[in-house]
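Remarks on the structure that follows.
Keep in mind it's a predicted model, so treat the numbers as computed, not measured. Letters go in sequence order (proteins before strands), and every chain restarts at 1.
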There are 2 protein chains.
Amino acid sequence: MARTTIQDVARAAGVSPSSVSNLLNGRTERMVPATRERIERAIEELGYRPNRAARQLRSGHTQTIGLVVPSVGNPFWGAFAREVEVAAQAKGCNVLLCNSEREPDRERRYVEELWEDGIRGIILCTSLPSLEHVAGSIKDGLRLVTFDRPAQPDDPSSVVSISIDNGIGGRLATSHLIELGHERIAFVSASIRSVNRSARYRGYCEAIEQAGMSVASMPSWTGVTAAEFGDVEAADVGRAAAHALFDGSGPAPTAAVAINDITALGFARGLRDMGLKVGEDVSVIGFDDIILADLYDPPLTTVRQPIADMARLAVGEAIERAAAEDEQAGRSVLLRPEVVVRESTQPPRNEGPKQRANVTAREAIGK
Amino acid sequence: MARTTIQDVARAAGVSPSSVSNLLNGRTERMVPATRERIERAIEELGYRPNRAARQLRSGHTQTIGLVVPSVGNPFWGAFAREVEVAAQAKGCNVLLCNSEREPDRERRYVEELWEDGIRGIILCTSLPSLEHVAGSIKDGLRLVTFDRPAQPDDPSSVVSISIDNGIGGRLATSHLIELGHERIAFVSASIRSVNRSARYRGYCEAIEQAGMSVASMPSWTGVTAAEFGDVEAADVGRAAAHALFDGSGPAPTAAVAINDITALGFARGLRDMGLKVGEDVSVIGFDDIILADLYDPPLTTVRQPIADMARLAVGEAIERAAAEDEQAGRSVLLRPEVVVRESTQPPRNEGPKQRANVTAREAIGK
DNA sequence: GGAATCTGGTGTAACGATGCACCAGATCTT
DNA sequence: AAGATCTGGTGCATCGTTACACCAGATTCC
């Protein structure tokens, strides 16, 4: 069980440990091919694997990236975490998983701990408007990649942000409903305090006004404005919204934009509670395209985030930053989301439908 | 930014680095309280945090556990991964995340790599009948915890297995349907090759025979017996099964036990394709109780796995093994699953229902 | 009263890889 | 021909922690 070390390799190849180290670290400019081959053969034959701990101790950094998500229990974050791991693996890195439960204090603790452990890069999934809770580590030199949160004016300049363009997302979702002929469209969300939720709402407003309608005249509902919420609560919020919007106290909507798929699903359930049919009676569009969206009955129209691309970008930034330092700091990358049309959105009931949306999920995805 | 080391602490407390190390590692038997307090105060004041890399290099083991799941993109594994991280955090450990995609070769590569990196313990989520692909590492001394896979006769004796009792699960699910009055119950699954899938099937058979019925007379379907499958395919399998079972070519079932929730959801969709209503026309019960089960329309009755308890157990084994060595090796822990009754299971249509299942999800869960 | 034992620590050699400073020998300049 | 430069490497101190071996001084034993 004695580990084969760099010394063993050196001995077997008839060179010094330094040369082996040089090869391992790509300092091969001034190494004659014959030597190189001897070393490579020795590594192969002895089945040598570098010791990470020693490497890290000496060099000061890991081959590990930290991933801080609200909770991998949430299907969206689970799917994202998977893509991150795939992308990291492709670059020879491992992923350390952390669940913040959306608590700023946990985010801070995780980030500090990872940073002190010499983690190579950190992908922080947060939608907090301010990054001041992790400002300390950033000031000390940490290069942070935030996800699901576009850059803010007050962000430290070294932070790279990756997100979809939520404004466009909100606009696409709303326009889709408008094109189907809807004129009373509700926006369903709990607190809009987070930066991406408010951006989606802004997109919703823009689309409505661009269509010559007024946001003020839309059916709205202000039941829950609670601060933050988890997955289960997100569904409850949607359900409560449906109950409130269709209690007969005001003009009911014919369609709704939900802040995410879980809320959309809760809303759909609320509709069912009220004896209404999703799609036929009331159209619903969500955000994220989690796996359940396609499995739901009826399959849910939603705004898809290109998570694989985003994960690749985030991992790239997290790993390469250390090397490239400063070069292009403070970048903010906004990707374009796309609407995936399924069956939960249809033309409104007793109004002249401009077109019939009978695209099935699979066709829309282009599989 | 210069790291505060154990030396700094020693200097501040007026002791030797050895003493600080002794305190840090719990060797306090022969340390006078006054000294101890001085050291603790120094640690506090300097904000000292031990360097993991150095620690690991010297001691040979990490504060990290490896988690190998098929894919965190799958809601069940995502939820489990979250519980594992919570449990590990409570014990001062981090979690390194790996997605095997159910490929034996990836499982092997990950396990070998983690083990060579001195990872403290590994939780391998696999349902492969044999562990020979990781036998090498186990022979070298790795203590492995497998999850979702009960112990097998050929397993190396040092392996600890944690799983639900799938036989009981299969029996509970089937009995639930029988008690509702169903007499034609299908079992829906792709390949039964994996150990837990076949155990569930066995439970299904036992329940049926115990009720005085015969498995041979049950509607069955042998469309897909493909080897392994992923999440999307799992849904497709369910959907295809529904199409096949209700194509009029044989006696159709009035209820079905699906191998997991995703397959159940696919089956539900297939029923809808055929113009049938889940719950009212055909009852469906799944396995796992993923979050989507409760959000589905109608909410899905399912067999819940106690993932939080299982995660805690698995983490405990993975961490404590190193210390306890051999003591209780080869354990196999089987937890008891429970049926969560929701709305997808109802008494059969035109038959005398023995009782009406009008328990709602929330009541059944006991929230 | 001298040896044995106990108490509360300390000294120090690793753990394995890294990368700067350095160095022989060969080749090039002028 | 002798210094300068280049080529292809090597020597060695070092990262921060650990844990075994060891050691003074105090106490106990016969």
Sugar-phosphate only, base, or nothing, as touched by Gln56(B) at under 4.0 Å among non-hydrogen atoms: nothing
Contact state string [nucleotides 10-15 of chain D, B base, S sugar-phosphate only, - no protein heavy atom under 4.0 Å]: BBBBBB
Rounded interatomic separation in angstrom, taking [atom1] from [X] and [atom2] from [N]:
{"X": "His61(B)", "N": "dG16(C)", "atom1": "NE2", "atom2": "P", "answer": "15 Å"}
{"X": "Glu29(A)", "N": "dC6(D)", "atom1": "CD", "atom2": "C1'", "answer": "14 Å"}
{"X": "Leu46(B)", "N": "dG16(D)", "atom1": "CG", "atom2": "P", "answer": "14 Å"}
{"X": "Gln7(B)", "N": "dT17(D)", "atom1": "CD", "atom2": "C1'", "answer": "9 Å"}
{"X": "Glu116(B)", "N": "dG16(C)", "atom1": "CD", "atom2": "C1'", "answer": "15 Å"}
{"X": "Glu37(A)", "N": "dG8(D)", "atom1": "CD", "atom2": "P", "answer": "15 Å"}
{"X": "Asn25(A)", "N": "dG16(C)", "atom1": "CG", "atom2": "P", "answer": "17 Å"}
{"X": "Arg27(A)", "N": "dT7(D)", "atom1": "CZ", "atom2": "C1'", "answer": "17 Å"}

Over all heavy atoms of both residues, which pair between [X] and [Y] is shortest? Give the atoms and the distance, please.
{"X": "Pro50(B)", "Y": "Arg55(B)", "answer": "CG-NH1, 3.8 Å"}
{"X": "Pro17(A)", "Y": "Gln7(A)", "answer": "CG-OE1, 3.4 Å"}
{"X": "Ile122(A)", "Y": "Val111(A)", "answer": "CD1-O, 3.8 Å"}
{"X": "Cys98(A)", "Y": "Tyr110(A)", "answer": "SG-CD2, 3.4 Å"}
{"X": "Leu57(B)", "Y": "Ala53(A)", "answer": "N-CB, 3.8 Å"}

Proximal nucleotide (of dT7(D), dG8(C), dT17(D)) relative to the Arg30(A) side chain: dT7(D)
Met31(A), nearest nucleotide to its side chain (from dG9(D), dG19(C), dT17(D)): dG9(D)
Difference in axis direction between the ends of the helix from dG1(C)-dC30(D) to dT30(C)-dA1(D), five pairs, 10°: 50°
Side-chain ion pair, Glu113(B) and Arg109(B), N-O less than 4.0 Å: no
Phosphate-side-chain proximity, Arg55(B) and dG16(D), N/O vs OP1/OP2 below 4.0 Å: no
Under 4.0 angstrom between Ser21(B) side-chain N/O and dT18(D) OP1 or OP2: yes
Of Ala53(A) and Arg36(B), the one whose closest DNA chain C nucleotide lies more 5': Arg36(B)
Under 3.5 Å donor-acceptor, Asn99(B) side chain and Val72(B) backbone: yes
Residue among Arg49(A), Arg52(A), Arg3(A) satisfying salt bridge (charged side-chain N to carboxylate O under 4.0 Å, His left out) with Glu116(B): Arg49(A)
Pair Arg102(B)-Ser127(B), side-chain donor/acceptor within less than 3.5 Å: yes
